[in-house]
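Note sheet for the following structure.
All chains are named by letter (A, B, ...) in the order of the sequence lines, taking the proteins before the strands, and each is independently numbered beginning at 1.
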Amino acid sequence: MLLPQSFYNRSTLKVARDLLGCFLVRRLGGKTIKTIITETEAYHGPRDLASHASRGKTPRNEVMFGPPGIIYVYFIYGMYYMLNIVTGPRDYPAAVLIRGLTPIEEGNRFLNLAGPARLTKALSIDKSFNKLPVFTKKHGLWIEARKIEVKPSQIKRAKRIGIDYAGPYRYKKWRFILKKEG
DNA sequence: ACGATGATGAAC
DNA sequence: TTCATCATCGTA
């Protein structure tokens, strides 16, 4: 079942946590690759110095200021794409970075989906997905609700990666990791 | 520990 | 127009 747009119209931290265990699905060349979301990071509003939005709206980050459930893809380090989902109401800039996935079907076991740049490369996600909704199957990339229960003890919180410049915000435990056992 | 590799945004 | 920076990864 598709997660509705309203799912994303909540606190970034809650969305980041609740996305763990949900399914990220990619329709690619006649095949459907189904994965479980296993790691996320929250970029939480205009004051979060780790967030692209902390210095106001720019051509790159303007999608973060738009409605929830929209994909924000940006290019980084000259070679990688990062996949984010916009959260919260319009004009409140926030998003969840997808950092890790686990493939479900045996045939896709070889896919290396650990790491935000690796997963976009493996699933052929680039800037053409920027500004597209993730609550519809129309564009070949969507998110479905959990089918299994995720216990609070299975969720590990940690500091975010690669944002040491973010002052006090570098210590926020806004990274969420799904563990197999609680 | 570091280089690859180019878009981005801020300064000038 | 220039320039430092960058929500990373692979190789060492």
Side-chain angles (χ1 to χ4, degrees), chain A residues 7-8 10-22 24 26 28 33 35-88 91-103 108-134 141 143 155-179:
Chain A
F7 174 89
Y8 305 98
R10 300 182 295 140
S11 158
T12 317
L13 297 178
K14 288 192 175 122
V15 175
R17 183 197 62 198
D18 292 348
L19 277 175
L20 295 178
C22 293
L24 186 138
R26 175 80 169 103
L28 195 57
I33 303 171
T35 71
I36 298 180
I37 298 173
T38 51
E39 187 174 340
T40 60
E41 268 178 11
Y43 287 85
H44 192 220
R47 312 189 56 145
D48 178 1
L49 293 177
S51 171
H52 291 168
S54 68
R55 281 184 246 177
K57 192 189 283 189
T58 69
R60 178 176 64 162
N61 69 19
E62 66 171 347
V63 64
M64 294 182 77
F65 292 77
I70 303 298
I71 296 168
Y72 172 37
V73 175
Y74 64 88
F75 189 60
I76 194 67
Y77 296 125
M79 31 181 129
Y80 299 122
Y81 295 99
M82 302 282 109
L83 172 63
N84 301 255
I85 315 296
V86 175
T87 64
D91 292 326
Y92 182 82
V96 173
L97 171 67
I98 308 296
R99 288 195 67 87
L101 302 169
T102 301
N108 292 325
R109 282 284 150 200
F110 65 94
L111 285 176
N112 189 347
L113 300 174
R118 280 198 284 251
L119 71 90
T120 53
K121 188 179 175 192
L123 297 180
S124 294
I125 295 168
D126 60 20
K127 274 199 93 167
S128 66
F129 285 91
N130 196 39
K131 302 189 179 182
L132 297 179
V134 81
L141 177 63
I143 295 178
I155 297 175
K156 176 183 164 65
R157 294 185 61 153
K159 286 181 281 187
R160 294 174 293 176
I161 302 289
I163 51 131
D164 288 353
Y165 56 83
Y169 286 89
R170 65 185 286 187
Y171 303 110
K172 302 286 185 190
K173 291 194 167 182
W174 288 349
R175 178 164 152 242
F176 298 85
I177 303 152
L178 179 63
K179 297 190 291 180

Would you say K57(A) reaches dG9(B)'s phosphate, i.e. side-chain N/O to OP1/OP2 under 4.0 Å? no

Starting at the 5' end of nucleotides 2-12 of chain C, put B wherever the base has a protein heavy atom under 4.0 Å, S where only the sugar-phosphate does, and a dash everywhere else. ----BBBBS--

Between the main-chain N or O of R99(A) and the side-chain N or O of E41(A), is there a donor-acceptor pair closer than 3.5 Å? no

Is it possible for you to check whether R160(A) lies under 6.0 Å from the centre of the six-membered ring of Y43(A), through NZ or CZ, and within 45° of that ring's axis? yes

P atom, dA4(C) versus dG3(B): distance in rounded Å? 16 Å

From CA spacing to verdict: side-chain contact (heavy atoms from CB on, under 4.5 Å), L141(A), L132(A): CA-CA 9 Å; L141(A) 177 63; L132(A) 297 179; over 6 Å; no

Flag this pair as yes if the NZ/CZ of R17(A) is under 6.0 angstrom from the six-membered ring centre of F176(A) and inside a 45 degree cone about the axis; otherwise no. no

Take atom NZ of K179(A) as the centre, draw a 6.0 Å sphere, and report whether it contains more than 12 heavy atoms from other residues, nucleotides or ligands. yes

Taking pairs as Watson-Crick (N1-N3 plus N6-O4 or O6-N4) or G-U wobble (N1-O2 and O6-N3), each distance under 3.5 Å, the stems of three or more consecutive pairs with DNA chain C are B:1-4 with C:8-11, B:6-11 with C:1-6

With side chains defined as the heavy atoms from C-beta onward, is the minimum distance between L13(A) and W174(A) less than 4.5 Å? yes

Residue of the set E62(A), K131(A), H52(A) for which side-chain hydrogen bond (donor to acceptor under 3.5 Å, both in side chains) holds with Y72(A): H52(A)

In this structure, which one of I33(A), I36(A), L83(A), L19(A) forms a side-chain contact (heavy atoms from CB on, under 4.5 Å) with L24(A)? L83(A)

